[in-house]
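Written below as structure tokens is the structure these notes are about.
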Amino acid sequence: MKQILCLLKNKDKIEKILEIVFWIAVITLIGTVILLKPLNDLDEMWNYNFSKNIIEGRLPYKDFNIIITPLVSYIGAVFLGIFGNEMISMRIFAIIVDFLILFFSYKILIKIKVEKNLAKIIVLGLIYILKIHFRIDYNFFSLLLLLFIIYFEIRKKDKTDYKIDIVLGILAGLCICSKQTIGIFVSIVTLFYQVLFIKDKEGLKKFINTFIKRLIGLASVICVLFIYFLVFNLWKDFIGYAIIGIKDFNNSISYFKLITKGKWYIRVLSIVVPTYLIGNLVNILIKRFCRKEIERPNVVLLTYSWAAFSIVFPISDEIHFLIGCIPSIIGITYIVYNKLLNNKKRLIFIETASQVLTIYIVIIAIIGSINLTNCFNKIDKQNQINHFKLIPDSSYSRVKDVDEYIKRQDKEVYILDASAVLYTIPIDKYNKNYDMFNKGNLGAKGEEGIIEDLEKKNDIQILILQDKYNRNWQTPLKVIKYVKADLNKKGSVGVFDIYEK
């Protein structure tokens, strides 16, 4: 008997050690992917620039153009304050956020009683589909907050734990402070989804009590946001950029492209996820109408999956889609596991697959660490771009030529291109709307406002991407046409044509 107990204890210790090794491999892999990324991700640069502006004393909306609520930018500014005003500090932030997304996806799967080995396989699957997109991004951060909410919802079960309800309200409020659009959907679900469980007066009373506690948590965060806007007089600017200004954002990517032109797993998920969302909703509503029992974990996962899926529109590209369907993947796993995989033979296969994949990810993480070390050793410390230090393949010569040209000019120089931040960040210049030159990011007057502003300016130079290069799909072409028609072309520098006034 003692020998059996000893073996069981040793088995538990081995399992714990293997789990620690697994998570060390996961965070190492995420770290190597993010830190080895070249300087070619505009979203990453824009998000860094938001935090850089904050740490340098600028206010969102009033001093720099941003169309979402600024919580993520402020947290990023904290990282810049701690680790230095460099892009690599934001990448440390990204590593933490992306790791926590995977970790809490796993914790949720364990809470809904999905077998551990299958939960690990799902985590590895998420790494596979997300790895090229890992970065700091308000959508990723909003997803993390949503996963926190789902975790606490599942953990709460049917207990009347009103402290958790207040926490859930606070987390929903933080979602609004991170990105108002998805935050509103998440908040609606957080407040109202439990209507599905009302059966009698007692159930109604419980719902009202829960609703009030959650509303208190939500309102407390929103009040802080309102006070912040009032104290710094940001309301007018916020409305101009985040509400009125986005009317000019008439670009969109059709969901149909995911089905017809996406990678194989994108095509599969783009059909499976909506099928899950619609089919499971109909199933739950039918059960509710027939007064049958509905499973709380299933309802929680489904309702919050609907909220998460709001990220996918109107830009149904790969990254928005993948972020938006993570809760759905967890929900699908819950249903498939309980209906198809929960038997001994299949669990043995899953355990074997999990062990093989764990060994694989450990090897990949080790190789990635070696590559990262070699990359840092090879980086030429002399040819580093200010604020983009320790970034592989940082386009030093291209940025240097344009920046040196700008610094030599007596006139103000504006770059009318989505990539403007690549050139303005290293020389610590900021030109508000011109440094995030995208449709829907230009304020209440949109492109007409930019043209009006340029008409008022004298002694300026405008750099426009040469026609032989592809412009960003959100480029305000009306402004480009105005510059070409009304200003004089002087020459070129790097990839830009120079226009002068």
Side-chain angles (χ1 to χ4, degrees), residues 10-38 41 44 88 91-137 140 143-144 147 151 263-266 268-269 318-319 321-323 325-334 336-337 341 346-376 392:
N10 287 335
K11 186 179 178 182
D12 288 341
K13 286 180 181 178
I14 291 168
E15 284 182 357
K16 286 180 181 178
I17 291 169
L18 289 175
E19 191 157 335
I20 291 169
V21 170
F22 174 81
W23 288 111
I24 290 173
V26 167
I27 196 169
T28 302
L29 182 58
I30 293 170
T32 55
V33 168
I34 291 174
L35 294 174
L36 283 171
K37 286 180 71 172
D41 188 329
E44 183 184 44
I88 198 164
R91 291 190 169 186
I92 293 170
F93 183 19
I95 292 167
I96 294 170
V97 169
D98 295 335
F99 172 76
L100 288 176
I101 286 171
L102 296 171
F103 183 73
F104 273 89
S105 295
Y106 175 82
K107 294 291 285 184
I108 292 166
L109 287 164
I110 298 302
K111 278 289 177 186
I112 58 179
K113 296 184 169 38
V114 170
E115 204 273 331
K116 279 189 176 184
N117 289 301
L118 179 59
K120 287 180 182 178
I121 291 172
I122 297 300
V123 167
L124 296 177
L126 294 179
I127 292 173
Y128 175 75
I129 63 176
L130 289 171
K131 64 181 184 297
I132 63 171
H133 299 292
F134 282 143
R135 67 164 87 98
I136 190 57
D137 182 273
F140 273 119
L143 172 62
L144 177 60
L147 291 173
Y151 176 75
K263 299 183 178 83
W264 70 267
Y265 53 86
I266 298 291
V268 172
L269 287 171
E318 186 174 305
I319 179 58
F321 172 72
L322 288 174
I323 291 173
C325 72
I326 299 301
S328 295
I329 291 172
I330 296 172
I332 292 166
T333 303
Y334 172 77
V336 171
Y337 175 73
L341 301 178
R346 291 187 179 120
L347 288 178
I348 291 170
F349 172 77
I350 289 169
E351 182 178 3
T352 304
S354 173
Q355 291 170 350
V356 171
L357 289 171
T358 299
I359 293 169
Y360 174 74
I361 196 175
V362 168
I363 293 169
I364 295 298
I366 292 169
I367 293 170
S369 300
I370 294 169
N371 290 338
L372 182 64
T373 303
N374 291 336
C375 179
F376 279 167

Heavy-atom side-chain contact between [X] and [Y] under 4.5 Å:
X    : Y    : answer
I95  : L35  : yes
I127 : I361 : yes
T28  : V362 : no
L124 : Y360 : no
L357 : K120 : no
I323 : H133 : no

[X] and [Y]: which non-hydrogen atoms are nearest, and at how many Å?
X    : Y    : value
F376 : I88  : CZ-CD1, 4.5 Å
R91  : I34  : NH1-O, 3.1 Å
C325 : L269 : SG-CD1, 4.4 Å
P392 : C375 : CG-SG, 3.6 Å
F140 : I101 : O-CD1, 3.4 Å
A119 : V114 : N-CG1, 4.2 Å

Under a 4.0 Å N-O cut-off, is there an ion pair linking E19 with K116?
->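 Judged by the 4.0 Å cut-off on N to carboxylate O distance, E19 and K116 do form a salt bridge.
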Is a side-chain donor or acceptor of T373 paired with a backbone partner of S369 at a separation under 3.5 angstrom?
-> yes
Backbone of F134 reached by a side-chain donor or acceptor of K37 within 3.5 Å = yes
When rounded to the nearest 0.5 angstrom, what distance separates [atom1] in [X] from [atom2] in [Y]?
X    : Y    : atom1 : atom2 : value
I30  : L130 : CD1   : CG    : 9.5 Å
L118 : I350 : CG    : CD1   : 5.0 Å
D98  : F93  : CG    : CZ    : 10.0 Å
I359 : L18  : CD1   : CG    : 9.0 Å
I96  : I136 : CD1   : CD1   : 9.0 Å
I370 : T32  : CD1   : OG1   : 11.0 Å

Classify the angle between the aromatic ring planes of W23 and F99 as parallel (below 30°), tilted (30 to 60°) or perpendicular (above 60°).
->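 Ring orientation, 0 to 90° scale: perpendicular.
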Hey, mind stepping through I330 and L147 against side chain to side chain contact (heavy atoms under 4.5 Å, CB included) and telling me if it holds?
-> CA-CA 10 Å; I330 296 172; L147 291 173; 4.0 Å; yes
Do V26 and F22 pass the side chain to side chain contact (heavy atoms under 4.5 Å, CB included) test, and can you show the C-alpha distance, the side-chain angles, and the key distance before you say yes or no?
-> CA-CA 6 Å; V26 167; F22 174 81; 3.9 Å; yes
Let me see the working for E115 and E351 under side chain to side chain contact (heavy atoms under 4.5 Å, CB included), right down to the final yes or no.
-> CA-CA 9 Å; E115 204 273 331; E351 182 178 3; 5.7 Å; no
Could you walk me through whether I329 and I129 pass side chain to side chain contact (heavy atoms under 4.5 Å, CB included), step by step?
-> CA-CA 12 Å; I329 291 172; I129 63 176; 4.2 Å; yes
